[in-house]
Amino acid sequence: MAIFVSYSSSDGGPAASAVVGALRARGFDVVWDGDLPDVRPLSIPAWMETSVRDCTVLVIVSDDYVKALESNDFMERRGVRYEAGLVRQKIYHHRGADGVAVVPVVPPDADANALPSVLQQLVIHRFDPGTLHGVEELVRSLGTLEEGNGGDVVVVEQGVQRSRVVLAALEAHPPSSALAYRLAQDLVEQGEGDLEIARAFDSVVGVAKAHGDVGLVSRLSQVCLKTLSSTLPLKGEESVMAKVLVSGKAWHLLREHRFSQAASVAEEGTQIAKKYRDLYTAARGQRVHARVYLHMAAEALPYDRDFYLRRGEHLLILATTQFRSICGQTSEEVGVCASLHAEKQLLLHEMTGERDHLATAWESAGVAEGLLTPGTEPYHWVSVLQARLCLAARKYNEGKEFVSNVIATAEYPEVVARSRQVRADLLLATREKSEALRDLLGAEEQFRRLGCDYAAATCWWSIAKLDSTKLVSFRLSTSDVLRLEDLAPDPRERRLAVLEHELRTTRRPGRRCVPDWACLVDRVQHA
């Protein structure tokens, strides 16, 4: 039997710790905030939602918790307020007259009549954390609740039950583990029409992203969107589609270099989240939208560039403000926003050459590093960004240290591939061509394996410019390189044009074939 312990860490921590220890000693499967440092969920709100929905909830009643239940204006402990709202919703949506899967636990001397009305309708248990008095009665009550299945007769389809079992196994392992990855692939393969997978989208997509599998994120998003479009959402689950659009579809479209579509999807997801008052997802949507605009600005013509930068900056300010309100001034979400601001300042420095932008980028990157947890994917991305800042500041050896450390320690393939690409740029700056080629070849192979075809083609073209004989049987001249870059801004098309010429050359042995790059580029563009 799974039990989720809901409490206020400010004044309910000692009682919660005692209850958790006593129940685990008696064989209960207990989930509580104390496990977060080991579990490290990608989304704490999603972890709360799943736990409250699927587990019997044990409410450790304290003064702060009562305040959170009695008023939506309780701001001192936002996590308590959010968790209490989920518990209240679980009680209200209970379908039977008895056996609600919410069990309040109060101190021995508490006045039951003074409790909020939402708890007075439930069976209240008294518990003394010092003597453990009352724990046996609590255990008997939980056992009875398990036997009665919460008072409801619920018929669970075999497929749904299987999905829940697989999801539970997936969430019990770190997202970067091979087992979690195999389970995620299995869920996506069999998941069409399964609402359980859509509800647990954050957990499954977190595993796919940890492994950098763009194709898996794309398939998962497609499966979830199709499932959600074919059913009416349950009360409280209307914003699930927003999560899929923001954290799934927009994510893989960005990596596929489909910027206009990614911007449209991020905006749609943000609007859905706002409609259903899911402010956390709305803030994430604004941040994703800002990131897309940053990429668009990097490739835009000068008269479009200012528009994208202004729009991106506006959205990033909105997202940062929202995250500070929801998660606090020093939250990791605010750290990710600071990292994105540093990327924008680096882009401005690359466009204008002004040193002030570079100094601001360093400052924002330092703020992000201080807010993010070492070892997490966002923290590693900040290290890659710092290496790029070192390249711009001509601190080449320092930059190599940043990315070499990421390559040696990170468990995230996309971050490692990008680190190799950045290290190659640093090596070229110090005239270490052979080492740079080795890194570019490794990065190209890794990006292609992950499904990041644009990033892989960028590495491929960098190799071709340095020494095309590493890739094809002929050498590209400087004029060939300039001609191809002029004809095909997309490195994927350049690569295909070069490979097409290679194919034609092998079909005509003994004859030297002068490449007609305009014809070859036109051919691959319209294939």
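Heavy atoms only: backbone and side chains are in, while hydrogens, waters and symmetry mates are out.
Interatomic distance, Leu138 CG to Leu132 CG, rounded to the nearest 0.5 Å: 11.0 Å. To the nearest 0.5 Å, the span separating CH2 on Trp461 from CD on Glu444 amounts to 13.5 Å. Atom CG of Leu315 and atom OG1 of Thr270 lie 8.0 Å apart (nearest 0.5 Å). Here Glu414 contributes atom CD and His211 contributes atom NE2; the two are 13.0 Å apart, rounded to the nearest 0.5 Å. Note that the OG1 atom of Thr50 and the CG atom of Asp202 stand 7.5 Å from one another [nearest 0.5 Å]. Arg199 contributes atom CZ, which lies 9.5 Å from atom CG of Leu228 (distance to the nearest 0.5 angstrom).
Shown here are the side chain to side chain donor-acceptor pair (under 3.5 Å) partners of Glu343, two or more places apart in sequence or in another chain: Arg291. Applying the side chain to side chain donor-acceptor pair (under 3.5 Å) criterion to Glu493, with sequence neighbours excluded, gives Gln525. Residues satisfying the side chain to side chain donor-acceptor pair (under 3.5 Å) test with Arg420, not counting sequence neighbours, are Asp439. His289 pairs by the ring-ring contact (aromatic ring centres under 6.0 Å, His included) definition with Tyr293, not counting sequence neighbours. For Phe4, the ring-ring contact (aromatic ring centres under 6.0 Å, His included) criterion is met by Trp47, not counting sequence neighbours.
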Carefully, step by step, assess Glu256 and Asp453 under the rule side chain to side chain contact (heavy atoms under 4.5 Å, CB included).
CA-CA 7 Å; Glu256 291 166 5; Asp453 291 339; over 6 Å; no
Report the C-alpha distance between Tyr280 and Cys327 in whole Å, list the side-chain angles of each, state the deciding distance to 0.1 Å, and finish with yes or no for side chain to side chain contact (heavy atoms under 4.5 Å, CB included).
CA-CA 9 Å; Tyr280 181 82; Cys327 310; 4.0 Å; yes
Do His257 and Glu299 pass the side chain to side chain donor-acceptor pair (under 3.5 Å) test, and can you show the C-alpha distance, the side-chain angles, and the key distance before you say yes or no?
CA-CA 11 Å; His257 215 70; Glu299 299 191 359; 2.8 Å; yes
Stepwise, does the side chain to side chain contact (heavy atoms under 4.5 Å, CB included) test hold for Tyr181 with Asp213?
CA-CA 10 Å; Tyr181 183 47; Asp213 193 332; 2.4 Å; yes
Does the side chain to side chain contact (heavy atoms under 4.5 Å, CB included) test come out yes or no for Ser203 and Leu170, once each step is laid out?
CA-CA 8 Å; Ser203 296; Leu170 178 145; 4.1 Å; yes
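Between the side chain of Thr409 and the backbone N or O of Asn405 there is at least one donor-acceptor pair closer than 3.5 Å. A donor-acceptor pair under 3.5 Å links the side-chain atoms of Ser462 to the main chain of Thr458, judged by distance alone. Here the side chain of Ser177 pairs a donor or acceptor atom with the backbone of Ala180 at under 3.5 angstrom. The backbone N or O of Cys337 sits nowhere less than 3.5 Å from a side-chain atom of His341 that would complete a donor-acceptor pair.
Residues Val217 and Lys209 form a side-chain contact, since some pair of their non-hydrogen atoms from C-beta on lies under 4.5 Å apart. Leu340 places none of its side-chain heavy atoms less than 4.5 Å from the side chain of Lys344. In this structure, the side chains of Trp251 and Val246 stay at 4.5 Å or more apart for every pair of heavy atoms. In this structure, the side chains of Leu58 and Leu23 come closer than 4.5 Å at one or more pairs of heavy atoms. Annotation: side chain of Phe323 is in contact with side chain of Arg284 (closest heavy-atom distance under 4.5 Å). Contact of the Val244 side chain with the Lys249 side chain is not registered, since no non-hydrogen atoms from C-beta on lie closer than 4.5 Å. Between Val524 and Arg495, the closest side-chain pair of non-hydrogen atoms is not below 4.5 Å. Between Val334 and Thr330 there is no side-chain heavy-atom pair separated by less than 4.5 Å.
Across all their heavy atoms, Ala242 and Gly269 have their closest contact at CB-O, 3.3 Å. When all heavy atoms of Arg388 and Leu346 are compared, the pair lying nearest together is NH2-CD2, 3.5 Å. Pairing each heavy atom of Ser364 with each of Ala342, the nearest pair is CB-CB, 3.7 Å. In plain terms, the two heavy atoms of Ala282 and Ala273 that are nearest each other are N-CB, 3.5 Å. Ala184 and Val204 get closest at one heavy-atom pair: CB-CG1, 4.0 Å. Of all heavy-atom pairs spanning Leu385 and Ser339, the tightest one is CD2-O, 3.6 Å.
The number of heavy atoms from other shown groups lying within 6.0 Å of CD (Glu369) is above 12. Heavy-atom contacts from other residues, nucleotides or ligands closer than 6.0 Å to NZ of Lys243 number more than 12. Annotation for Glu189: atom CD does not count as buried by contact number, only 12 or fewer foreign heavy atoms lying within 6.0 Å.
Tyr7 and Trp32 have tilted rings, their planes meeting at an angle from 30° to 60° on a 0 to 90° scale.
Judged by distance alone, the side chains of Arg418 and Gln421 do bring a donor and an acceptor atom under 3.5 Å apart.
Sorted by first and then second residue, the side chain to side chain donor-acceptor pair (under 3.5 Å) pairs with a member in residues 216-229 read Glu192-Lys226; sequence neighbours excluded.
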